[in-house]
Amino acid sequence: MAQEVAGSRPAPTKESIADWARATLEPMGGTVVVDRQFVEVELPAEKLRAAAHAISESDDPEFRLLYDISGLHWPDDGELEAVYHFFGGWHAEGITLRVRVPEDRPLIPTISEDWPTANWHEREAMDLFLFEFEGHPYPEPLLLEKDMQGALLKHYPQREAPDMVERFKQRGDVPFEIWKAVRPEIENG
Amino acid sequence: MAEAVPGTSDSNAEFMQINMGPQHPSTHGVCRLELAVDGEVVLSCRPEIGYLHRGVEKIAENLTVIQLPVITDRADYLSALNTELGVMLAAEQLYEVAVPERAEYIRVIMAELNRIANHMMFYGALGTDAGFSSPFIFGWWNREIIHDVFEEVTGARMLHNYIALGGVKQDVPANFKDSVKKILPQLADGLDRCHGLLTDNEIFVARTKGLNPLTPEEALRLGLTGPSLRATGLARDLRRLAPYSIYDRFEFEVPVGTVGDVHDRYMMRLLEMRESLRIIEQALEGMPDGEYRGEIPRRLRYPVGEAYSRTESPRGELGIYIVGDGQNTAHRVKIRAPAFVHVSAMEELLKGTYIADAVLIFASLDIVLGEADR
Amino acid sequence: MSLTDVLITVLKVLVIVLAAPLLALVLVYVERKTLGRIQRRMGPWHVGPMGLLQTLADAVKLLTKEVLTPERAEPWAYWIAPIVVFVPGVFVLVVIPFTPELVVSRLDLSLLYVFALPAVSVVGFIMAGWGAGSKYALLGGIRLVAQAVSYEIPLLFSVLGVAILAGSLSLIDIVNAQGDTVWYGVVQPVAFVIFIMAGLAEHSRTPFDMAVGESEVMGGPTIEYSGIRWAMFMLAEYVNIFILASLGTIIFLGGWHGPVLPGWVWYLLKTTPILLFIFWLRGTLPRLRVDQLMGFCWKVLIPLSLLNVVVAATFKVYGWGPTIPMVIASVLAAYWFYRREWRQVVAVPARDPIPVPTPVPAAAE
Amino acid sequence: MALRVDPDQPLFMPGEADPLIKDAPIGPFGAGGEVGGVFQSLPANILTLKVDQLFALSRKNSLWPMTFGIACCAIEMIGTYMANYDLDRMGILPFPSPRQADVILVAGTVNRKMARVVKLLWEQMPMPKWAIAMGSCAECGGPFYSYKNVIEGVDKIIPVDVYVPGCPPRPEALIDGFVRLQAKIMADAKAGVWRKK
């Protein structure tokens, strides 16, 4: 958003972004898909840093906001997918990058040099989807501790709802009484 | 060690590690700021979250689309209706369900009332961090007025589960229009009273004017959105830029700041409340009678595909990303929380400030930890 | 000093020592009620008739709390700090003349005595801050010492003007000097305002409560204290506020002088407005930052009070006495100084707004 | 008796009460416990009960909760302090530091990372202390029960006295919780349980 921009500029449309994407991202091995909500580009993992750098540098459809990095887990074809949403600073158009990596070796280059906000998004993706972002400046867990990582993967164990019948039986022997002044475990504790 | 920060004795001075811990009255909720402090000046800050991570997205993956708002309300519990609006816009985009006119108007009125309630909470929190508890109570009178209306319409004070697929769960009560008309003047003079207490209070102005000014480029580089970004001078408001629902029918200005400091961010929210009151008035007149909920498919399986909705929540720009894969529970529900990005911006914003200012800067971005940790 | 005199003074001192906590209880109740009134709520109501026994319940509860010493604390500094903070407050009460006969000891240097003792309680706060071992306590303690020490100076200078006019350092003479002529508060308005502001800052009350503000340092030096020790800090604070208000009436509002009612009634009639003003500030003013606090003291209050002393001295030397032109001179000097100096302390680097392009929503949308 | 705070103390003690409480014989004057020993020998003395009830009466009327809100219930807790419901009239004044607090009001979901903080704060509070679990998240994990990171109920970490149901509970429900706690304090004093706590 250079300083000398005066008055109001026409906001870029989806077609102008699609042409720009074909011009710059196609040579990097990305396939542009236009019939979705935003212009989507599928990329191999190695090319991601160059693509992100190109998006941050571009001036005509100028993108300033990295909204989020959403992880997706496709257990049946054993793949993890990272979806990057980029949006413009003063206009509302956007572009989406999709990267698919095999589940057992989820290596993705980090883009936190060009996009500082990606730092935390990547740490969160590391926590929840066990991605590995090479070159991340501070790869510490953000939300979960070490032993609880990978919470949003499909096979992550969940706590079953309590079996009410069993719990009611368990309370069956204790005579139910309204709130008692003296707490039992302190009395005989 | 951080380069020589102005005001410290020298760059490698022995600094004290202070822990503005999870239990601190001015961190709104449970966020820990590890501050390296030399005397009064904060040299570096490392925010740490995760104290309220309760797996909203994981639980949302085993809920049907009808139950979804129950969990997403508890992500951003201060502006539950705005989050519900975002979630349902994404779901309707996925299910291709039409929303009748009346439902659209009801949704806009409730979302704007929720925005005012949220900004009143922000006003109270910023006032308390500036030093005294009266703003909390001034702001809370107005919140209670809005809570009464919410209870009449949705039955709950804070977490409503009211906006549903295809419209709203149930029609508004008969006296809805005049009960909202009755509270609008009360909210207006409550807002004037809030202005009177803090806006031109010389000590408050001395504390917040010129504190942490930001240019639009810096704010965008840090990922700030919403009122904090508009304070820097960039008029980016999704209700005007990419109008969702029926926001393009109402005319309202987007307040824009000049310097982008804490005082501007505070003024943005107060001016926005006045704009919200205007929107509610226009929406009340334009509200037609008729269906309050369109017809929805009988078998509520998630169609295969994905939908991304961006709405202007009181805190910033809220993105909801739903991926459906044919079962009756969603494959993935991702909530793009503005608070998450604002907490990550703290590392940059708090360098070189005083401790007392660090508290104010943290409050000026209106961070809710439920949304940041999800 | 025969035995009976000694016994009488000991009895009087005992009365004062017992009166101080009760006085603090009453003040805590009044403060919570006024804060409630400002914020349109009731304040303590259910405990006792109209909530009157609320502070008594607080006191008894605090007495029976467990008294614990944190692991990292230095035991001696931690134990003695509350005593060092509370006792000077009671010593000062001994000297304050409520009415000509209702005073424990007639010191003729009482003005000096009254302002020397609070400096001892500052030592108590730094002992509490350092002794407690917690970083927040240390931070709060250092801030409070810096603030109390630097606001001691304007406090003394503001009273110096009055001492020059009254020609004596004894509180009783100052009050007698105000008997016939007009009150010093009217003659020296600037000194009265500075006295109140510096007094508030001395005991870290609201606009200046940076050291004990709970949104940053969570209660400052008193963070690690529980039960009776914490109660002593609270008692000390409220006794100090009562002393500030009573000194204000004695030095500036003519103590017990008043047309019809007996002396002590006039004394109460003048002290309560100042107390209510202090509690009113608690509900309506935010808190100054530490550097603004110091800047305000050194750049504004001290030069202003010095100026006031100069004005008082010149009028005293030329024998014009406390007359209307003196009032005008001091107020004018204060206003001129305020316009020039306070704006710098608070001046803010304003920056002109940046031209930002207004986005044109794409026609296609 | 200085309360030792060691982080590697076992995090969850399901079921039985906090060991710190059981073997802490604190007499009514609370001077570090050794004075308390005197009263142990006269368990059912009428005199002490009367004194206990007097202290319980004063404790009941000046409960100072610690400002410690975690999630949505914290907003309703703040709402209860404000002008419309005003806990100050019952003598309930929030205090930031655990040292001056009597009641820990756990308002919100406690997850594994937060559990250590709740435990630490509970141990830093001087005796006699009480705990209120506000909201279904603090009672049994609430809507987040199925997530492994969330601890199902604060009573796994600290002994809770009063449970306030609701998600989030209305301010009236929280006031009812405080009233129940006051009734419990008086009842415990009458039954002589208080001395052991």
(message) Let me confirm one number: the CG-OG distance from Leu63(C) to Ser58(D), rounded to the nearest 0.5 Å.
(response) 8.5 Å
Result block: side-chain N/O donor-acceptor pairs under 3.5 angstrom for residues 227-243 of chain C, not counting sequence neighbours:
unit_1, atom_1, unit_2, atom_2, d
Glu237(C), OE2, Arg205(C), NH1, 2.9
Tyr238(C), OH, Glu31(C), OE1, 2.2
Asn240(C), ND2, Ala236(C), O, 3.2

(request) Tell me, for Ala56(D) versus chain C, whether the close heavy atoms (under 4.5 Å) come from the side chain, the backbone, both or neither. (result) neither
(message) Any non-hydrogen side-chain atom of Asp102(D) less than 4.5 Å from a side-chain atom of Lys65(C)?
(response) yes
(request) Might you point out which heavy atoms bring Met127(D) and Glu66(C) nearest each other, and give the distance in Å? (result) N-OE1, 2.8 Å
(message) Return the CZ to CD1 distance between Arg99(D) and Ile223(C), rounded to the nearest 0.5 Å.
(response) 9.0 Å
(message) Heavy-atom count check: over 12 atoms from other residues, nucleotides or ligands less than 6.0 Å from Trp130(C) CH2?
(response) no
(request) Against chain D, label Leu56(C) side chain, backbone, both or neither, depending on which of its atoms sit under 4.5 Å from a heavy atom there. (result) neither
(message) Please report the interatomic distance CD(Glu224(C)) to CD(Gln100(D)), rounded to the nearest 0.5 Å.
(response) 9.0 Å
(request) Answer whether the closest heavy-atom distance between the side chains of Ser226(C) and Met125(D) falls below 4.5 Å. (result) no
(request) Report the distance from atom CG of Leu68(C) to atom CD of Gln124(D), rounding to the nearest 0.5 Å. (result) 9.5 Å
(request) Could you please state which residues from residues 33-44 of chain C sit under 4.5 angstrom from chain D, measuring non-hydrogen atom to non-hydrogen atom, sorted by number, or 'none'? (result) Gln39(C), Arg40(C), Arg41(C), Met42(C), Gly43(C), Pro44(C)
(message) Working to the nearest 0.5 angstrom, can you tell me the gap between Arg89(D) CZ and Arg32(C) CZ?
(response) 13.0 Å
(request) Starting at CG of Asn61(D), measure out to CG of Asp58(C) and round the result to the nearest 0.5 Å. (result) 9.0 Å
(message) Would Lys61(C) pass as a cation-pi partner of Trp64(D), given that its NZ or CZ must be under 6.0 Å from the six-membered ring centre and within 45 degrees of the axis?
(response) yes
